[in-house]
There are 2 protein chains.
Amino acid sequence: MYHPMIHPPLAVTVDLVLMAVMEGHLAVLLQRRETEPFAGHLALPGGFVRVDEGLDEAARRILRDKAGFAMGEDAWLEQLYTFGAPDRDPRMRTVSVAYFALLPSAQLAQAVGSRDDLDLEPVVGHPEPLAFDHTQILATAHDRLKAKLDYTPIALALLPDMFTLRDLQIVHEAITGINLNKPAFRRRMIDTGWIEATGLRETETAFRPAELYRQKS
Amino acid sequence: MYHPMIHPPLAVTVDLVLMAVMEGHLAVLLQRRETEPFAGHLALPGGFVRVDEGLDEAARRILRDKAGFAMGEDAWLEQLYTFGAPDRDPRMRTVSVAYFALLPSAQLAQAVGSRDDLDLEPVVGHPEPLAFDHTQILATAHDRLKAKLDYTPIALALLPDMFTLRDLQIVHEAITGINLNKPAFRRRMIDTGWIEATGLRETETAFRPAELYRQKS
DNA sequence: GCAAAAGTGTTGTGATTACACCCATGT
DNA sequence: ACATGGGTGTAATCACAACACTTTTGC
C-alpha cells in the first residue's frame with residue numbers, strides 16, 4: 001500500500017498567526033525575512049514539525065520561541081486550517097498547518113520589545129503583501145476570529161485577567177470593525193455567563209471608575 | 001534554515017469522511033481493513049498526498065476512487081481538521097488532513113452497491129471502534145456538520161436536485177437528533193433564501209403530494 | 001457644581017416557536 | 001366521505017438594539 005518511491009514524504013510546517021488588540025486595533029506578529037525566497041517581505045513566524053512532536057505541541061513551541069516562555073502556557077491556541085498548494089513554497093513541497101494564537105496586548109508588546117526581528121502590524125488595511133500564501137492565512141485567521149466572537153469567550157484571551165466592559169467592547173469593535181451600542185453590548189456580555197463582576201474598580205481614572213470583571217470559573 | 005537531517009519529512013495523508021442520510025439516519029462510508037495494523041477494523045477511506053497535487057485535489061481524487069467519477073464533481077467537499085499525533089499510526093509518523101464530503105443517499109448507495117470492500121454504517125450509536133484515530137475524526141466531522149446546518153445551505157448537499165420540505169426536515173433531524181416543529185421549520189428554511197419552489201409536485205404518493213423545492217441560484 | 005463616563009429602564013422590532021386549524025389528494 | 005399528510009394563520013415568547021435617562025466619580 002505504502003511505497004516511499006511512489007509517495008515521497010513531504011515537509012510539514014506550522015505557521016502561527018499571533019494576534020493582539022493594541023490601542024483599539026487588531027495587530028499580528030510578523031517577522032521580516034532575510035533570506036530568499038521573499039527576502040525583505042514580512043512573514044508569519046513558523047517552523048518545521050519534528051518527527052516526535054504533535055502538531056499542537058509544535059505550535060506551542062513556536063509560540064514560546066516568539067512570545068517568550070511565560071506566555072506560551074496560557075495563551076489561546078487553536079488550529080486554523082491546513083494549506084498545501086503544491087507551489088506555495090518555491091523551494092520544496094510543504095504542507096503548512098496554520099494555528100492562531102491570542103495574547104493580551106501588554107504581554108505581546110513586552111515580548112516584541114525585546115526582539116529586533118519581530119514586528120507588530122495592523123491586520124486591517126495592511127498595505128504590504130506578505131510572503132508565501134501568508135496573506136491568505138492571515139485573512140482566514142481574521143475570519144475565524146470574527147466568527148467565534150459571538151459564540152465563544154475567545155475575546156477574553158485578548159484581555160488581562162481583570163478588565164472593564166469598555167475594554168471588552170473595544171476588543172469586539174477592533175475585531176469586527178463595527179461600532180456597538182454600549183448598553184446592548186453590556187447586557188449581551190453579562191447574559192452569556194462568561195464573565196463575572198469582581199467588586200473591584202479601575203484606578204487612576206480621570207472620571208468615574210468602571211467595575212472590573214474577570215472570566216468566570 | 002531547513003536541514004533534511006534535522007527536520008525529516010513526514011508522510012501526509014488525506015482521510016475522507018463521506019456521509020449521507022439514508023432512511024432517516026446519518027451514515028458514513030467505511031472500509032474494512034485487511035492488513036495490519038487494525039486488520040479487520042473499519043476505517044475511513046484515505047490515501048497519501050502526492051507530491052504534485054494540492055490537498056483539495058487529493059481529497060477529490062480519493063472521493064472519486066470511492067464514490068465513482070460522476071459523484072466526485074458536484075459533491076460538497078470541505079477540509080475538516082488536521083490530525084498529527086506522533087503515535088496515531090504505529091508504522092510511521094503521518095499527518096492526516098481530514099476532509100468531509102456529502103452526497104445524496106441515492107448516489108452513495110449506488111456507489112457502495114457496486115463495491116464489496118465498502119460499507120455504510122450509522123454515525124450515531126455505532127458500536128464498533130474504528131481504526132487509528134478515526135473515531136475522533138468522525139466525531140469531529142459530525143460536530144462540524146451540526147454546527148454548519150444553521151448558517152449554511154450544507155443540508156442541501158445531502159438531497160437530490162429536487163426535494164420536499166419534509167425531506168429537508170428529515171435530513172436536519174437525522175443530523176441533530178432533535179425532532180423539529182413542522183411549521184416553524186418550513187418558514188425558517190424558506191426565509192433563509194437558500195431554496196425556491198419549483199411549482200412541481202411529488203408523484204406516486206399515497207396522499208396529498210408535497211411541492212418540490214430546489215436550491216436557489 | 002460640572003464634565004465625563006458608568007450604568008439602568010423602557011420601548012420597539014424581528015426572529016422563532018407552539019398550537020390550532022384548514023386544504024388537497026387518493027382510496 | 002374519510003384518512004393522511006401538506007400547508008397556513010395567529011398568538012406568545014425571546015433576543016436584541018436604540019434611546020433616553022440616572023448615577024457616580026474627580027476636579
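Here is how names work: the chains are called A, B, and so on, in the same order as the sequence lines, proteins then strands, and each is numbered from 1. Nothing here was measured: the structure is a model prediction, and the numbers come from that model.
The CG atom of A:D191 sits 13 Å away from the P atom of D:dC14 (whole-angstrom rounding). Whole-Å rounding puts the A:E202 CD to C:dA4 P distance at 17 Å. Rounded to whole Å, atom P of C:dA4 lies 14 Å from atom NZ of A:K182. Whole-Å rounding puts the B:I178 CD1 to C:dT17 C1' distance at 14 Å. Computed from coordinates, the A:D150 CG to C:dA15 C1' distance equals 16 Å when rounded to whole Å. Residue A:D167 contributes atom CG, which lies 13 Å from atom C1' of C:dA5 at whole-angstrom precision. Distance, A:E211 CD to C:dG7 P: 6 Å, rounded to whole Å. Distance A:R166 CZ to C:dA4 P: 15 Å, rounded to the nearest Å.
Contacts of B:P209 with the nucleic acid, taken as non-hydrogen atoms under 4.0 Å apart, involve only primed sugar atoms and P, OP1 or OP2. Backbone-only engagement by A:T205 is indicated by non-hydrogen atom pairs under 4.0 Å involving sugar-phosphate atoms exclusively.
Residues A:H134 and A:R88 have side chains in contact (heavy-atom distance under 4.5 Å, counting atoms from C-beta outward).
In this structure, B:E128 places its CD atom where more than 12 heavy-atom neighbours from other residues, nucleotides or ligands lie under 6.0 Å away.
Counted by atom type alone, B:T82 and A:T82 present one or more donor-acceptor pairs between their side chains at under 3.5 Å. No hydrogens or angles considered: a donor-acceptor pair under 3.5 Å links the side chains of B:T164 and B:D167.
Taking all atoms of both residues into account, the shortest heavy-atom contact from B:L180 to B:Q169 is O-NE2, 3.0 Å.
Contact of B:R187 with D:dT8 (side chain to base): no donor-acceptor pair of N or O atoms is detected under 3.5 Å.
The side chain of A:P183 has C:dG9 as its nearest neighbour among D:dA17, C:dA5, C:dG9. In the set D:dT25, D:dA17, D:dT8, the nucleotide with an atom closest to the side chain of A:R201 is D:dT25.
Between A:F185 and A:F207, it is A:F185 whose nearest contact on DNA chain D lies nearer the 5' terminus. Along DNA chain D, the nucleotide nearest A:R208 and the nucleotide nearest A:R188 are compared for position; the residue whose nucleotide lies closer to the 5' end is A:R188.
Of the side-chain N and O atoms in B:R186, one or more sit less than 4.0 angstrom from OP1 or OP2 of D:dT8.
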